[in-house]
Amino acid sequence: MSQGIVQIFQETYREFRPIAEMPEFTVEFFAFANLNNTIRLRDGKLRVRLSDLLEGAPEAVLRAIAHILLAKVYRKPLDRVHVLRYRKYAAGHHVARKVHLVRKLRGRKHIASARGEYYDLDDIFDSLNTRYFHGLLGRPNMTWSREPARNALGHYDPAHNAIVVSRIFDHPRVPRYAVEYIVYHEMLHLKHPVKLRGARRCVHPPEFVAEENLFPRLDAAKRFLQHM
Ligand SMILES: [Zn+2]
């Protein structure tokens with residue numbers, strides 16, 4: 001990994017924490033299937049994984065993502081300039097095209113579309129991403145299941161980087177917060193990948209459960225889904 005990117009993170013760290021001890025940084029580009037960027041603080045060391053789609057991005061964009069990730073770790077307010085700069089870059093023609101090509105290369109599942117009759121899963125993902133994930137999760141392929149399966153609410157399919165939601169919930173009787181909860185749950189699977197997650201297995205480590213409890217209408221959503 002080039003020295004330059006580590007330096008960017010160190011300088012950004014200094015802006016947030018002028019006198020604290022400088023942690024050890026590992027920054028690597030990682031072949032996510034989409035524009036994911038993650039940061040983890042463990043034993044005083046910061047481990048950053050940036051989407052390889054950001055390789056070769058302008059320095060200002062790398063400074064913006066460093067700002068966003070470190071603000072998240074240290075719970076600092078986000079500077080809008082950085083947020084907008086990153087968002088603009090990520091939405092840019094060039095990157096969007098690259099994301100598209102990469103998805104094609106890494107394989108993608110063509111099932112159905114994100115847009116149901118009542119709910120648009122892309123919209124729901126984007127709004128949850130902004131509200132609860134600092135906009136940091138790359139949107140996977142969002143699809144309503146072809147069949148209105150009753151046994152599973154939804155699932156995240158890492159092989160195809162797809163979140164599939166049972167079509168049964170694309171209905172006016174189903175409140176938006178219930179659909180949001182299903183998607184939120186699957187987004188946590190996206191954020192907390194578990195190795196060897198078999199077809200039916202649904203693994204929820206403690207940090208997953210803690211984060212799920214942050215969903216504001218968790219109880220109401222669970223109650224609704226149970227009695228549907
Ligand atoms: Zn689960």
Side-chain angles (χ1 to χ4, degrees), residues 1-30 32 34-55 57-92 95-96 99 122-140 176-177 180-181 183-193 205-218:
M1 188 53 251
S2 81
Q3 206 37 50
I5 185 84
V6 171
Q7 201 183 328
I8 287 174
F9 273 85
Q10 288 169 339
E11 287 167 8
T12 307
Y13 177 87
R14 271 286 161 257
E15 286 166 22
F16 285 127
R17 314 188 87 200
I19 52 173
E21 201 181 323
M22 180 66 67
E24 195 181 301
F25 277 96
T26 326
V27 185
E28 56 187 350
F29 287 103
F30 196 75
F32 290 115
N34 50 22
L35 205 56
N36 261 337
N37 302 289
T38 64
I39 189 164
R40 177 176 291 180
L41 176 62
R42 188 166 285 174
D43 303 328
K45 292 178 186 169
L46 281 161
R47 182 182 182 140
V48 181
R49 281 180 162 181
L50 300 177
S51 164
D52 60 350
L53 296 166
L54 288 179
E55 233 171 335
E59 191 186 317
V61 173
L62 296 174
R63 285 193 185 277
I65 192 65
H67 173 90
I68 294 168
L69 291 171
L70 288 169
K72 190 181 143 188
V73 170
Y74 295 105
R75 297 161 200 267
K76 303 286 184 185
L78 284 167
D79 179 338
R80 270 183 69 75
V81 173
H82 285 307
V83 173
L84 291 174
R85 182 170 292 143
Y86 176 70
R87 198 175 290 167
K88 197 172 161 198
Y89 181 80
V95 174
V99 169
D122 281 347
D123 277 357
I124 287 178
F125 181 96
D126 289 345
S127 107
L128 291 169
N129 199 15
T130 308
R131 275 185 282 159
Y132 305 116
F133 300 93
H134 287 61
L136 283 171
L137 291 180
R139 190 172 69 207
R176 185 178 171 97
Y177 68 80
E180 283 189 341
Y181 164 65
V183 174
Y184 180 77
H185 181 97
E186 299 311 324
M187 286 168 85
L188 292 178
H189 280 304
L190 184 68
K191 189 179 163 183
H192 301 275
E207 63 268 26
F208 181 111
V209 176
E211 228 177 308
E212 185 173 67
N213 286 332
L214 299 177
F215 188 76
R217 302 188 70 179
L218 182 68

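Count residues from 1 along the sequence.
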Enquirer: Heavy-atom distance under 4.5 Å between the side chains of His67 and Lys76, does that happen here?
Expert: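 His67 vs Lys76: side chains apart.
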
Enquirer: With sequence neighbours left out, write down each residue that passes ring pair (Phe, Tyr, Trp, His ring centres under 6.0 Å) with Tyr181, or none if nothing qualifies.
Expert: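 Expected list: Phe215.
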
Enquirer: Once you round to the nearest 0.5 Å, how far does CD1 of Ile65 lie from OH of Tyr89?
Expert: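 So the CD1 of Ile65 and the OH of Tyr89 are separated by 11.5 Å.
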
Enquirer: Do Asn129 and Met187 make a side-chain contact, defined as non-hydrogen atoms from C-beta onward lying under 4.5 Å apart?
Expert: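 Yes, at least one pair of side-chain atoms sits under 4.5 Å.
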
Enquirer: First locate atom CD of Glu15, then atom CD of Gln10, and finally report the distance between them rounded to the nearest 0.5 Å.
Expert: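 If I round to the nearest 0.5 Å, the distance is 12.5 Å.
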
Enquirer: Would you call the rings of His189 and Phe208 parallel, tilted or perpendicular, where under 30° means parallel and over 60° means perpendicular?
Expert: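 Because their plane-to-plane angle lies in the 30° to 60° range, the rings of His189 and Phe208 count as tilted.
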
Enquirer: Taking the side chain as C-beta and beyond, is there a heavy-atom pair between Leu188 and Leu190 under 4.5 Å?
Expert: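 In short, these two side chains do not touch, never coming nearer than 4.5 Å.
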
Enquirer: Can you tell me how far apart CG (Leu46) and CG (Leu41) are? Round to the nearest 0.5 Å.
Expert: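 One gets 5.0 Å once the value is rounded to the nearest 0.5 Å.
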
Enquirer: Do the non-hydrogen side-chain atoms of Ile68 and Tyr86 ever get within less than 4.5 Å of each other?
Expert: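 Touching, per the 4.5 Å side-chain cut-off.
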
Enquirer: Report the distance from atom OG1 of Thr12 to atom CD of Gln7, rounding to the nearest 0.5 Å.
Expert: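 Separation between the atoms: 10.5 Å.
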
Enquirer: Could you check whether Lys191 pairs with Glu186 (Lys NZ or Arg NE/NH1/NH2 to Asp/Glu carboxylate O, under 4.0 Å)?
Expert: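 Salt bridge: no.
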
Enquirer: Do Ile39 and Leu136 make a side-chain contact, defined as non-hydrogen atoms from C-beta onward lying under 4.5 Å apart?
Expert: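 A side-chain contact is absent here, since even the closest heavy-atom pair is not under 4.5 Å.
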
Enquirer: Just so I know, are the side chains of Val73 and Leu69 near enough to count as touching, which here means a heavy-atom distance under 4.5 Å?
Expert: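 No. Closest side-chain heavy atoms not under 4.5 Å.
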
Enquirer: Take Glu11 and Arg63 through the side chain to side chain contact (heavy atoms under 4.5 Å, CB included) test and state the conclusion after the steps.
Expert: CA-CA 9 Å; Glu11 287 167 8; Arg63 285 193 185 277; 2.8 Å; yes

Enquirer: With a 4.5 Å cut-off on side-chain heavy atoms, are Arg131 and Glu180 touching?
Expert: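 Yes, side chains in contact.
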
Enquirer: Run the salt-bridge test on Glu28 and Arg47 with the 4.0 Å N-O cut-off and return the result as yes or no.
Expert: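 Between Arg47 and Glu28 there is a salt bridge, with a charged N closer than 4.0 Å to a carboxylate O.
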
Enquirer: Ignoring hydrogens and angles, tell me if any N or O in the side chain of Asp43 forms a donor-acceptor pair with the backbone of Lys45 under 3.5 Å.
Expert: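 No, because the side chain of Asp43 does not come within donor-acceptor range (under 3.5 Å) of the backbone of Lys45.
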
Enquirer: Write down the atom of Ala71, the atom of Pro77, and the distance for their closest heavy-atom approach.
Expert: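 So the two residues come closest at CB-O, 4.4 Å.
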
Enquirer: Using the side chain to side chain contact (heavy atoms under 4.5 Å, CB included) rule, take Thr130 and Leu128 through it: C-alpha gap first, then chi angles, then the decisive distance, then the call.
Expert: CA-CA 5 Å; Thr130 308; Leu128 291 169; over 6 Å; no

Enquirer: Any chance the side chains of Glu211 and His192 put a donor and an acceptor closer than 3.5 Å?
Expert: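 Glu211 vs His192: donor-acceptor pair found between side chains.
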
Enquirer: Do Pro23 and Phe9 have side chains that get closer than 4.5 Å, going by heavy atoms?
Expert: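 No, their side chains stay 4.5 Å or more apart.
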
Enquirer: Before you tell me yes or no, could you show the steps for Arg49 and Val27 under side chain to side chain contact (heavy atoms under 4.5 Å, CB included), namely the whole-Å CA-CA distance, both residues' side-chain angles and the distance that decides it to 0.1 Å?
Expert: CA-CA 6 Å; Arg49 281 180 162 181; Val27 185; over 6 Å; no

Enquirer: Would you say Arg40 has more than 12 foreign heavy atoms packed within less than 6.0 Å of its CZ?
Expert: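 At most 12 heavy atoms, drawn from other residues, nucleotides or ligands, come within 6.0 Å of this atom.
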
Enquirer: Quick check: Phe133 with Tyr184 (ring centres under 6.0 Å apart)?
Expert: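 For Tyr184 and Phe133, the ring centres are under 6.0 Å apart.
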
Enquirer: So, the side chain of Asn36 versus the backbone of Leu137: is there a donor-acceptor pair under 3.5 Å, distance only?
Expert: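 Checking the backbone N and O of Leu137 against the side chain of Asn36, no donor-acceptor pair under 3.5 Å is found.
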
Enquirer: Examine the side chains of Tyr13 and Arg17 and answer whether a donor and an acceptor come within less than 3.5 Å of each other.
Expert: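 Yes - a donor-acceptor pair under 3.5 Å links their side chains.
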
Enquirer: Just how far is it from atom CZ of Arg217 to atom OH of Tyr177, taken to the nearest 0.5 Å?
Expert: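 If we round to the nearest 0.5 Å, Arg217:CZ and Tyr177:OH are 5.0 Å apart.
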
Enquirer: Using every non-hydrogen atom in the two residues, find where Ser127 and Arg176 come nearest and quote the distance to one decimal.
Expert: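 Ser127 and Arg176 have their closest heavy atoms at OG-NH2, 4.2 Å.
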
Enquirer: Over all heavy atoms of both residues, which pair between Gly138 and Phe125 is shortest? Give the atoms and the distance, please.
Expert: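 Scanning both residues, the minimum pair turns out to be O-CZ, 3.6 Å.
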
